[in-house]
Visitor: 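Mind looking over this structure? Questions follow.
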Amino acid sequence: MMKVSNQFVKGHNNNRHLSPEEMENNIGGLPVTDNRLRELFNSFDADNTGFLEKDEVKQVYKEFDNYGVEYTDREIDSQIQKYAIRDDGKVDYDEFCCIILSIAQR
């Protein structure tokens with residue numbers, strides 16, 4: 001995680017520095033900082049177990065802008081399976097971050 005200690009952070013935004021707000025919303029408004037990812041994860045982890053059910057993760061996946069592409073449940077399951085290490089139907093925080101960051105890279 002990158003700590004924002006100054007008012008601006010070096011970045012490529014038309015050759016100017018990024019503000020902390022721009023850092024938080026750097027890739028199309030997707031949550032790509034640890035703080036934003038943690039907030040999103042915690043908002044779905046209502047029982048505070050540290051895990052999300054795969055169905056919850058599928059719902060999160062569907063809610064992101066997929067640029068007009070409608071993924072089938074099978075395609076989403078395949079994407080989740082790439083990062084979900086356990087086969088118990090649950091996704092932990094690290095796996096969740098990998099899934100969300102893979103969406104941000106599209």
Side-chain angles (χ1 to χ4, degrees):
M1 180 175 112
M2 183 187 331
K3 298 269 185 203
V4 180
S5 59
N6 298 332
Q7 186 173 359
F8 294 99
V9 177
K10 282 187 173 182
H12 25 331
N13 188 358
N14 295 326
N15 292 324
R16 68 179 180 85
H17 298 300
L18 299 174
S19 70
E21 292 79 25
E22 289 171 316
M23 287 295 295
E24 289 290 317
N25 296 299
N26 196 13
I27 303 176
L30 290 174
V32 294
T33 64
D34 191 53
N35 289 341
R36 296 281 309 277
L37 289 165
R38 180 57 73 181
E39 280 178 28
L40 184 60
F41 182 85
N42 289 342
S43 72
F44 286 95
D45 184 20
D47 55 359
N48 294 318
T49 61
F51 295 95
L52 300 179
E53 298 295 325
K54 283 190 181 174
D55 287 338
E56 293 172 311
V57 177
K58 282 172 68 169
Q59 188 59 40
V60 172
Y61 197 99
K62 289 178 181 180
E63 288 178 11
F64 282 112
D65 183 5
N66 291 309
Y67 306 102
V69 176
E70 291 190 29
Y71 293 100
T72 65
D73 282 347
R74 187 179 194 170
E75 291 170 318
I76 295 170
D77 285 337
S78 174
Q79 288 297 316
I80 292 171
Q81 195 59 39
K82 283 182 185 179
Y83 303 101
I85 296 169
R86 289 174 308 283
D87 194 26
D88 61 359
K90 296 180 188 238
V91 174
D92 69 17
Y93 175 71
D94 291 333
E95 295 164 336
F96 177 80
C97 290
C98 290
I99 292 165
I100 299 303
L101 293 173
S102 75
I103 293 171
Q105 291 177 349
R106 292 188 282 190

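Given the structure is predicted, the values throughout are model-derived calculations rather than measurements. Values below: every heavy atom of this structure, side chains too, minus hydrogens, waters and symmetry copies.
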Visitor: May I ask whether Phe41 and Ile76 are part of the same hydrophobic cluster, defined by side-chain heavy atoms of I, L, V, M, F, W, Y residues being less than 4.5 angstrom apart, directly or through others?
Guide: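 Yes, because Phe41 and Ile76 connect within a single hydrophobic cluster, where side-chain heavy atoms sit under 4.5 Å apart.
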
Visitor: Minimum heavy-atom separation for Cys98 and Tyr83, please, with both atom names.
Guide: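 Looking at all heavy atoms of both residues, the shortest contact is CB-CD2, 3.5 Å.
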
Visitor: For the atom pair CD1 (Ile100) and CD (Glu95), what is the distance rounded to the nearest 0.5 Å?
Guide: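 Separation between the atoms: 12.5 Å.
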
Visitor: Passes side-chain contact (heavy atoms from CB on, under 4.5 Å), Lys54 versus Gln81? Steps please.
Guide: CA-CA 9 Å; Lys54 283 190 181 174; Gln81 195 59 39; 3.0 Å; yes

Visitor: Are Leu37 and Ile80 connected in a single hydrophobic cluster, I mean Ile/Leu/Val/Met/Phe/Trp/Tyr linked by side-chain heavy atoms less than 4.5 Å apart?
Guide: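 Linked, Ile80 and Leu37 end up in one cluster.
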
Visitor: Within the 3.5 Å criterion, strictly below it, is a donor on Tyr93 or Asp34 matched to an acceptor on the partner's side chain?
Guide: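 There is such a pair between these side chains.
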
Visitor: Using a strict 4.0 Å threshold on nitrogen-to-oxygen distance, state whether Asp45 and Lys90 make a salt bridge.
Guide: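 Salt bridge absent between Asp45 and Lys90.
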
Visitor: Might you point out which heavy atoms bring Phe44 and Glu56 nearest each other, and give the distance in Å?
Guide: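 Smallest heavy-atom distance, with atoms named: O-OE2, 3.4 Å.
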
Visitor: Just do the side-chain contact (heavy atoms from CB on, under 4.5 Å) check on Asp73 and Lys62 with the steps written out, would you?
Guide: CA-CA 9 Å; Asp73 282 347; Lys62 289 178 181 180; 2.8 Å; yes

Visitor: Of the options Val57, Asp94, Val60, Leu52, which is the one that meets Ile99 in a side-chain contact (heavy atoms from CB on, under 4.5 Å)?
Guide: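 Of all the options given, the one that passes is Val57.
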
Visitor: Could you go step by step and tell me if Gln79 and Tyr61 meet the side-chain contact (heavy atoms from CB on, under 4.5 Å) rule?
Guide: CA-CA 10 Å; Gln79 288 297 316; Tyr61 197 99; 3.4 Å; yes

Visitor: Is Val91 linked to Ile85 within one hydrophobic cluster, defined over Ile, Leu, Val, Met, Phe, Trp and Tyr using a side-chain heavy-atom separation of less than 4.5 Å?
Guide: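 Not linked; separate clusters.
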
Visitor: Checking Asp92 against Phe96 for the side-chain contact (heavy atoms from CB on, under 4.5 Å) test, could you report, in this order, the C-alpha distance in whole Å, the side-chain angles of both residues, the deciding distance, and whether it holds?
Guide: CA-CA 6 Å; Asp92 69 17; Phe96 177 80; over 6 Å; no

Visitor: Measuring only between side-chain heavy atoms, which start at C-beta, is Lys58 closer than 4.5 Å to Asp55?
Guide: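 The answer is yes; the side chains approach within 4.5 Å.
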
Visitor: Walk me through whether Asp88 and Arg86 qualify under salt bridge (Lys or Arg N to Asp or Glu O under 4.0 Å).
Guide: CA-CA 6 Å; Asp88 61 359; Arg86 289 174 308 283; 3.4 Å; yes

